[in-house]
Amino acid sequence: MGPGASRRWVARRRRTGVLRRRARTAFVFAGGGSRGAAQIGMLQALMERGITADAVYGASVGAINAGGFCGTPNAVGVERMADRWRAITREDVFPQGRFPTPWRFFQQREAVHPNNGVRMIVESGLTFERLEESPVRLEVVATSLTDGRTQWFTHGPAVERIMASAALPALLPPVEVDGESFIDGGVVDNVPIGRAIAQGAERIFVLLCGPMHYTPHRYRRPVEAVLTAFFIAVHAKFARELERLPEGVEVVVFTVDTEPVSRYDDFSATEALITAGRQNAQAVLGFWEAGGIGDSLRPAAAVAPALSLGDAAAEDQAV
């Protein structure tokens, strides 16, 4: 983020005095697909300042990053996460198989890709087997395919629950947990600040994978119209929660600009995203530590889109 973007920094303070005393602090990891690499840079900036979390909440790729962070919640652990992100390729997560990806969107199957690669990535980043064994309180969200409810996982085998939170609809198959099928938590709560507040957080650092405000793209095909409507609904929920913060709750939001934009299966921008996330977080934290308050959060404020289905199904961007 360049110097000219200072007015876009967001640091909202709801009560005088909260800023300087020790508050119950939460990190909220939003969904964002391959753009989740930006959250690593944000964590680097937080660790540089010795800012720690009492609880961590994650949705979608944010659940994967949250799990990886909680195992070793310090600068050393974050650098290991950065190394893992740099090593990820498209074939690791979304293997192409025998048929071109566009064809697989129209085949009779649960999802375009298997989730073996995601499982390996999740397992490689965890240092604990069950959520309740996490050194930092960890909660991840998923969406029930039984009744569409929001399901928060706070205990039980960590791998399956994190995979359920990151099961992108259509792209990855649902994950069964205790006999029930779940899909991506970003469908119901992509930026779960409400959960953090409900659990008693007074200071919340939000790690987004895109810019603050979402501007829908003009769509050219029916499938793009459906995706655009979905993204508007997801982002509007976050905006409403920001506008309704209870007294005494402080929210600091880290973002990255729309560039570099990557397809959902493109991990070539990882290094650039890590750098962009770190630079934005450093700037916001500097502003916040100086007692500054960023621009007001308008009702249209939202997370930017995070994936691009491109020619595989649509050219809009997804969370």
Side-chain angles (χ1 to χ4, degrees), residues 26-34 36 39 53 55-71 73 81 84 88 92-95 108-199 207 209 230 233-234 237 264 306-307 318-319:
F27 291 175
V28 169
F29 291 76
S34 61
Q39 294 175 337
V56 174
Y57 305 86
S60 195
V61 72
I64 297 176
N65 282 338
F69 170 71
C70 283
M81 293 176 67
R84 284 194 294 270
I88 293 175
D92 292 331
V93 186
F94 301 110
Q108 189 170 350
R109 55 166 69 203
E110 270 193 319
V112 174
H113 302 283
N115 60 10
N116 309 64
V118 174
R119 175 178 289 275
M120 287 190 292
I121 289 170
V122 172
E123 290 176 339
S124 70
L126 290 177
T127 62
F128 48 88
E129 293 186 2
R130 300 178 63 85
L131 292 179
E132 64 267 32
E133 296 171 352
S134 170
V136 179
R137 179 176 177 82
L138 171 63
E139 300 188 15
V140 299
V141 64
T143 305
S144 169
L145 278 185
T146 300
D147 54 14
R149 75 181 185 282
T150 301
Q151 176 65 56
W152 279 96
F153 293 118
T154 61
H155 63 278
V159 172
E160 281 71 25
R161 285 147 177 77
I162 291 174
M163 287 181 61
S165 182
L168 286 163
L171 298 178
L172 296 170
V175 175
E176 187 170 296
V177 177
D178 296 333
E180 185 175 1
S181 293
F182 294 92
I183 59 172
D184 198 295
V187 173
V188 289
D189 203 353
N190 193 59
V191 192
I193 60 174
R195 178 69 175 185
I197 292 170
Q199 296 296 309
L207 288 69
C209 300
F230 168 69
V234 167
K237 181 180 187 298
Y264 79 90
L307 303 176
V319 175

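Quick note: residue numbers are just sequence positions, from 1. Values below: every heavy atom of this structure, side chains too, minus hydrogens, waters and symmetry copies.
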Asks: Checking S60 side chain against G185 main chain: does a donor-acceptor pair fall under 3.5 Å?
Replies: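 No, because the side chain of S60 does not come within donor-acceptor range (under 3.5 Å) of the backbone of G185.
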
Asks: Within the side chain of E176, is there an N or O that forms a donor-acceptor pair under 3.5 Å with the backbone of E160?
Replies: no

Asks: What distance do L171 atom CG and I183 atom CD1 have between them, rounded to the nearest 0.5 Å?
Replies: 11.0 Å

Asks: Would you confirm whether Q151, through its side chain, and S144, through its main-chain N or O, come within 3.5 Å as a donor-acceptor pair?
Replies: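 No.
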
Asks: As an exercise, state the distance from CG of L168 to CG of N115, rounded to the nearest 0.5 Å.
Replies: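 L168 atom CG to N115 atom CG measures 11.0 Å (nearest 0.5 Å).
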
Asks: With a 4.5 Å limit on heavy-atom distance, are the side chains of R195 and V141 in contact?
Replies: no

Asks: Tell me the closest heavy-atom pair linking A30 and V61, and the distance in Å.
Replies: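 Here A30 and V61 meet closest at O-CG1, 4.2 Å.
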
Asks: To check you understand the geometry: which heavy-atom pair defines the closest contact between T127 and G71, and what is its length?
Replies: OG1-CA, 3.1 Å

Asks: Can you name the nearest heavy-atom pair linking D189 to P192, along with the distance?
Replies: OD1-CA, 3.3 Å

Asks: Is the number of heavy atoms from other residues, nucleotides or ligands under 6.0 Å of E132 CD greater than 12?
Replies: yes

Asks: Do the side chain of N65 and the main chain of G36 share a donor and acceptor less than 3.5 angstrom apart?
Replies: yes

Asks: For L126 and A158, which heavy atoms make the closest approach, and how far apart are they?
Replies: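 Nearest heavy atoms, L126 then A158: CD1-CB, 3.9 Å.
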
Asks: To the nearest 0.5 Å, how far apart are SG in C70 and CD in E139?
Replies: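 It comes to 10.5 Å.
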
Asks: Roughly how far, to the nearest 0.5 Å, is the CH2 atom of W152 from the CZ atom of R161?
Replies: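 One finds 14.5 Å between CZ of R161 and CH2 of W152.
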
Asks: Measure across F182 and A142 and return the closest heavy-atom pair with its distance rounded to 0.1 Å.
Replies: CB-CB, 4.0 Å

Asks: So, S124 side chain and I121 main chain: donor-acceptor pair closer than 3.5 Å or not?
Replies: yes

Asks: How far apart are the closest heavy atoms of L207 and Q39, and which atoms are they?
Replies: O-NE2, 2.9 Å

Asks: Once rounded to the nearest 0.5 Å, what's the spacing between atom OG1 of T154 and atom CZ of R130?
Replies: 10.5 Å

Asks: When the ring planes of F27 and F69 are compared, do they come out parallel, tilted or perpendicular, using 30° and 60° as the limits?
Replies: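 Tilted: the ring planes of F27 and F69 meet at 30° to 60°.
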
Asks: Nearest 0.5 angstrom please: F153 CZ to I162 CD1, how far?
Replies: 11.0 Å

